[in-house]
There are 2 protein chains.
Amino acid sequence: MSRGHTDVPEPVTEACPITEVLDRVAGKWSIGILVAAAQGPIRFTELERTVKGISRRMLTLNLRKLERDGLLTRTVHPTVPPKVEYALTPMARELHATLGELVGWAERHRSAIATARAAYDDARAAD
Amino acid sequence: MSRGHTDVPEPVTEACPITEVLDRVAGKWSIGILVAAAQGPIRFTELERTVKGISRRMLTLNLRKLERDGLLTRTVHPTVPPKVEYALTPMARELHATLGELVGWAERHRSAIATARAAYDDARAAD
DNA sequence: CTGAATCCTTCAGGATACTG
DNA sequence: CAGTATCCTGAAGGATTCAG
């Protein structure tokens, strides 16, 4: 959350369920991981390859966060070499489905947004 | 987006509509503003009071971003003192509705997540 | 009232090397 | 293979001041 260096009591803002979801899904990678794991159980290295651009460190941190929130299960197979599989929990599958709605919105309005931006930008460019 | 200081071409990851939405709604405040404005046209100072904890700077920056993306309209009333009203566009209303789905998810699983966390945490506490 | 500008702190996240 | 441990940078965001 991070509220800077001051320490005002922050009277409101909490108890907001939207913030709750977003905090869970925030960051550059959480969703990518969720999507990659949606296909079925997936291994660490597979994730590293599938979620393009992610660093090993960020992958680990995000996996831990998602696991902690009960969105991912981590299964260690005591073989050698080690094999660890991550899978979505039912709760996470629901989330994944709901995110689909957002994707729908994004796809429907993608071009409208691009247009709005262009308009806004060259309205200011015309100073 | 910020990809750190390296400059790898980043072959994939883009064209992802989820990232598109999230980028638009990301940050601590965008959603709060959207929600506050969902009630109807709202003035700068009202937003400052409604979105608890936001700084004037962040409010301005986020308003500009949302306006640029075509999610908010900004209407200046040439009175004195100046009066500026912000309102959601139809596109933003749709988004607001869709976000409701996420809120639903959050509310349904809020306690499950809390439980998962507690379990995870004291599983490690028991080293 | 509605901002824009400046300065400063915190933190997410990248690179890399090392371990069981 | 599946991580952990360091170190470092850029961006987000808070405080404050100035201006139309």
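Every chain is numbered from 1 and lettered A, B, ... according to where its sequence line falls, protein lines coming before strand lines.
- Put simply, NZ on B/Lys83 is 13 Å from P on C/dC1, counting in whole angstrom units.
- Across all strands, A/Thr60 comes closer than 4.0 Å to base atoms (heavy-atom distances).
- For DNA chain C, no neighbouring residue in residues 65-76 of chain A is found when judged by any heavy atom under 4.0 Å.
- Minimum atom distance to the side chain of B/Trp29 is reached by D/dG13, of the listed D/dG13, D/dA2, C/dG13.
- The CZ atom of A/Arg49 sits 9 Å away from the P atom of D/dA2 (whole-angstrom rounding).
- Annotation: side chain of B/Val51 is not in contact with side chain of B/Leu59 (no heavy-atom distance under 4.5 Å).
- Closest to the side chain of A/Thr45, out of D/dG14, C/dG14, D/dC1, is D/dC1.
- Judged as a salt bridge (charged side-chain N to carboxylate O under 4.0 Å, His left out), the pairs with a partner in residues 68-77 of chain A (not counting sequence neighbours) are, in order, A/Arg24-A/Asp69, A/Arg68-B/Asp121, A/Asp69-B/Arg117.
- The separation between A/Arg43 atom CZ and D/dG3 atom P is 10 Å, rounded to whole Å.
- Scored by the side chain to side chain contact (heavy atoms under 4.5 Å, CB included) test, B/Ala97 finds no partners at all (sequence neighbours excluded).
- The distance from atom CG of B/Leu59 to atom P of C/dC1 is 13 Å, rounded to the nearest whole Å.
- Look at CD on A/Glu48: it is 14 Å from P on C/dT16, rounded to the nearest Å.
- Proximity of B/Leu95 to B/Leu34: side-chain heavy atoms (C-beta onward) are separated by under 4.5 Å at one or more points.
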Listed pairs, N/O of protein and of nucleotides 18-20 of chain D, under 3.5 Å:
none

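- For B/Phe44, whose side chain is taken as the heavy atoms from C-beta onward, the closest listed nucleotide among D/dG14, C/dG3, D/dA2 is C/dG3.
- Residues A/Ile54 and B/Tyr86 both approach DNA chain C. Their nearest nucleotides, taken by heavy-atom distance, put B/Tyr86 toward the 5′ side.
- Applying the ring pair (Phe, Tyr, Trp, His ring centres under 6.0 Å) rule to pairs touching residues 41-90 of chain B yields nothing, sequence neighbours excluded.
- Note: CD1 (B/Ile33) to C1' (D/dG13) measures 13 Å, nearest angstrom.
- For B/Glu48, the side-chain hydrogen bond (donor to acceptor under 3.5 Å, both in side chains) test picks out B/Arg56, with sequence neighbours left out.
- Screening residues 29-43 of chain A for salt bridge (charged side-chain N to carboxylate O under 4.0 Å, His left out) gives no qualifying pairs among residues at least two apart or on separate chains.
- When the side chain to side chain contact (heavy atoms under 4.5 Å, CB included) test is applied to B/Ser111, no partner is found at least two apart in sequence or on another chain.
- Separating the CG atom of B/Leu61 from the C1' atom of C/dA4 is a distance of 10 Å, rounded to the nearest angstrom.
- Legend: residues meeting side-chain hydrogen bond (donor to acceptor under 3.5 Å, both in side chains) with A/Arg108, ordered by chain and number and at least two apart, are B/Glu94.
- Taking the side chain as every heavy atom from C-beta outward, B/Val25 and A/Leu102 never approach each other to under 4.5 Å.
- For the pair A/Leu47 CG and D/dA2 C1', the interatomic distance rounds to 12 Å; values are reported in whole Å.
- Counting any heavy atom pair closer than 4.0 Å across all strands shown, A/Arg57 reaches a base atom.
- Under the side chain to side chain contact (heavy atoms under 4.5 Å, CB included) criterion, B/Ala106 pairs with A/Pro17, A/Val21, sequence neighbours left out.
- In this structure, the helix from C/dC1-D/dG20 to C/dG20-D/dC1 shows an angle of 40° between the axis at its start and the axis at its end, each fitted on 5 base pairs and rounded to 10°.
- With sequence neighbours excluded, the residues that form a side chain to side chain contact (heavy atoms under 4.5 Å, CB included) with A/Ala38 are A/Leu88, A/His96.
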